[in-house]
Amino acid sequence: MIVSWMTTNKCNLFCKHCYQDADEAQERELNTDEAKAMIDQIAQAGFKIMIFSGGEPLLRPDIFELVAHAAGRGLRPVFGTNGILITEEVAHRLKEAGACAMGISVDSLDAQKHNHFRGLENAHQLTLQGIENCKKAGLPFQLHTTAVDWNRDEICAITDYAEQIGAIAHYVFFLIPVGRGEYIKETSLEVAENEALLRDIMRKSAEVSIDVKPTCAPQFTRIAKQLDIPLSPRFSRGCLAGLTYCVIGSQGIVRPCAYMVEEAGDVRKQPFDQIWRESPVFERLRTEEYSGACGSCEFKDGCGGCRARAAYYHDGDILAQDDYCAHGQRLLV
């Protein structure tokens, strides 16, 4: 089971697609003691992987202490970061604290395109230096890429690049128009384009030696079956929201995933492990009683449809059909 904690809303970049609309720290973000208590409850709830995300998690001055605390509770601490702040010293301190892997965002092999998307002139150069610093410290890393219309044709090339530079995985995130992503939703791939890219990604996954996983596109599980491409047991389920995954905001608000606004609870008012067990939002998702095409789909059990897209496009109905599915829409690709 995986939990992602948005450690802070503060960020050193201003990315065009940011679902958190990250910029400055929010009022009353969890302090060190509150975060440690929450980590204890996460471990007690049976979670195994804890993602430190943001904003930019490396902007928290207590981040090394919190990583060490998570590792000491038997959790596997991993990161979602832009990589810019990973100096040689930071990489060594993270490894010593118990960090297991760094997920670092690379959205294009073209520096100018990446820089424009990330809102900083030399973001690409600084990110690649952060990757090199991870390699020097022996700290495993993987690449994260957000797929939009302007980089669609280089996604598989980025997978090859990830393998070449020693990444352990390449995760491809499909844009959901929340946060600042609302302002660039016209760059989202259309349904048929989503399908075609997912087929390209799954074919590429069979050619490389590293893990390749589409995120926020649970239809990849169906496509893998249709193409007879074996999946790692870790990737056998599409949408994990509320089933084996959830997120906690910087102020302690628990939600099924980073792209859903539905609140499951507040760790300042209720222990996390209790929220995970008893929240009505999670209980509803766990029924898997989907409507529309998702409810009648023969691939329902492996895919589940994207619950964030279902809610976004169906007035908050988290069990509605996922309209971004070519199979459900009976579209030929």
Side-chain angles (χ1 to χ4, degrees), residues 2 4 13 15 17 48-54 56-58 67 76-111 113-115 117-118 120 122-148 151-175 197-198 200-217 220 224 229-235 258:
I2 306 169
S4 179
L13 295 183
C15 303
H17 65 302
K48 302 301 181 185
I49 299 174
M50 182 169 182
I51 304 170
F52 289 81
S53 185
E56 174 49 57
L58 294 176
V67 168
R76 178 179 170 84
V78 297
F79 274 70
T81 172
N82 57 50
I84 287 175
L85 299 178
I86 307 177
T87 63
E88 288 190 39
E89 178 187 1
V90 166
H92 282 289
R93 291 187 67 186
L94 285 168
K95 185 174 176 60
E96 289 174 358
C100 295
M102 307 299 290
I104 300 175
S105 299
V106 175
D107 295 301
S108 178
L109 299 177
D110 183 311
K113 290 180 180 179
H114 177 91
N115 295 344
F117 197 50
R118 293 284 163 175
L120 183 69
N122 58 344
H124 193 264
Q125 175 188 347
L126 294 173
T127 294
L128 296 190
Q129 185 58 59
I131 289 172
E132 285 301 312
N133 292 334
C134 287
K135 293 168 71 172
K136 290 177 183 177
L139 180 59
F141 68 95
Q142 63 188 47
L143 299 193
H144 292 172
T145 302
T146 296
V148 284
N151 70 355
R152 180 260 179 265
D153 291 336
E154 62 174 315
I155 296 297
C156 291
I158 297 175
T159 298
D160 287 332
Y161 174 73
E163 183 181 40
Q164 290 166 11
I165 65 173
I168 59 173
H170 182 208
Y171 280 27
V172 183
F173 292 77
F174 284 67
L175 181 69
L197 177 55
L198 282 170
D200 288 346
I201 291 171
M202 297 318 297
R203 291 189 184 101
K204 174 58 67 174
S205 74
E207 298 172 0
V208 295
S209 61
I210 64 174
D211 286 337
V212 181
K213 182 181 183 295
T215 301
C216 303
F220 81 89
I229 293 173
L231 286 174
S232 163
R234 296 188 297 118
F235 303 150

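The chain is numbered in sequence order, starting from 1.
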Check: Between the side chain of Lys95 and the main-chain N/O of Cys134, is any donor-acceptor distance below 3.5 Å?
Finding: no
Margin query: Could you report the tightest heavy-atom contact between Glu163 and Ile210, atom names first, then the distance?
Written below: N-CD1, 3.8 Å
Checklist line | Glu96/Arg93 ion pair, N-O < 4.0 Å | finding: no
Next item on the list: Measure across Ala99 and Leu139 and return the closest heavy-atom pair with its distance rounded to 0.1 Å.
Entry: O-CD1, 3.5 Å
Checklist line | Closest non-hydrogen atom pair, Gly138 against Pro140 | finding: O-CD, 3.4 Å
Margin query: How long is the straight-line distance from CD1 of Ile158 back to CG of Leu143, given to the nearest 0.5 Å?
Written below: 8.0 Å
Notebook entry, point to check: Any side-chain heavy-atom pair from Tyr171 and Val212 closer than 4.5 angstrom?
Noted result: no
Margin query: Is it true that, when you exclude Arg152 itself, more than 12 heavy atoms of the residues, nucleotides or ligands shown sit nearer than 6.0 Å to its CZ?
Written below: yes
Next item on the list: Dump the intermediate steps for side chain to side chain contact (heavy atoms under 4.5 Å, CB included) on Leu197 and Phe174, then the final yes or no.
Entry: CA-CA 10 Å; Leu197 177 55; Phe174 284 67; 3.9 Å; yes
Check: Can you list the steps and then say if Gln164 with Asp160 is a side-chain hydrogen bond (donor to acceptor under 3.5 Å, both in side chains)?
Finding: CA-CA 6 Å; Gln164 290 166 11; Asp160 287 332; 5.7 Å; no
Next item on the list: For the residue pair Cys100 and Pro77, establish whether any side-chain heavy-atom pair is separated by less than 4.5 Å.
Entry: yes
Next item on the list: With the side chain counted from C-beta on, respond yes when Phe220 and Leu231 share a heavy-atom pair under 4.5 Å apart, and no when they do not.
Entry: yes
Margin query: Give me the atom names and distance for the closest heavy-atom approach of Ile104 to Gly83.
Written below: CG2-CA, 4.0 Å
Note to self: Within this structure, what is the CD-CG distance for the pair Gln125 and Leu120, rounded to the nearest 0.5 Å?
What the structure shows: 10.0 Å
Notebook entry, point to check: Just wondering, do Met102 and Thr81 contact through their side chains at under 4.5 Å, heavy atoms?
Noted result: yes
Next item on the list: Given side chain to side chain contact (heavy atoms under 4.5 Å, CB included), test Asp110 with His114 step by step and report yes or no.
Entry: CA-CA 6 Å; Asp110 183 311; His114 177 91; over 6 Å; no
Notebook entry, point to check: Using 4.0 Å as the upper bound for N to carboxylate O, is an ion pair formed by Asp107 and Arg118?
Noted result: yes
Margin query: Distance check, rounded to the nearest 0.5 Å: Phe173 atom CZ versus Ser105 atom OG?
Written below: 7.5 Å
Note to self: The test is side chain to side chain contact (heavy atoms under 4.5 Å, CB included); show your working for Val172 and Leu198 and say whether it passes.
What the structure shows: CA-CA 10 Å; Val172 183; Leu198 282 170; over 6 Å; no
Next item on the list: Indicate the ring-plane relationship of Phe79 and Phe52, choosing parallel, tilted or perpendicular according to the 30° and 60° boundaries.
Entry: parallel
Note to self: Distance check, rounded to the nearest 0.5 Å: Ser232 atom OG versus Asp211 atom CG?
What the structure shows: 6.0 Å
Check: So, the side chain of Ser53 versus the backbone of Ser4: is there a donor-acceptor pair under 3.5 Å, distance only?
Finding: no
Notebook entry, point to check: Does any donor atom in the side chain of His170 or Thr159 lie under 3.5 Å from an acceptor atom in the other side chain?
Noted result: yes
Next item on the list: Quick one: closest heavy-atom pair of Ser108 and Lys113, and the distance?
Entry: OG-CB, 3.7 Å
Margin query: By the definition side chain to side chain contact (heavy atoms under 4.5 Å, CB included), identify the one residue from Asn133, Leu126, Ile131, Thr127 that meets it with Gln129.
Written below: Asn133
Checklist line | Stepwise side chain to side chain contact (heavy atoms under 4.5 Å, CB included) check, Ile2 with Ile51 | finding: CA-CA 7 Å; Ile2 306 169; Ile51 304 170; 3.7 Å; yes
Check: Is it true that a side-chain atom of Asn151 and a backbone atom of Ala147 form a donor plus acceptor pair closer than 3.5 Å?
Finding: no
Item checked: Nearest heavy atoms of Lys136 and Glu88, plus distance in Å -> NZ-OE2, 3.3 Å
Next item on the list: Quick one: pull up NZ in Lys213 and CD in Gln142 and give me the separation to the nearest 0.5 Å.
Entry: 10.0 Å
Notebook entry, point to check: CD1 of Ile155 to CG of Leu109: how many Å apart, nearest 0.5 Å?
Noted result: 9.5 Å
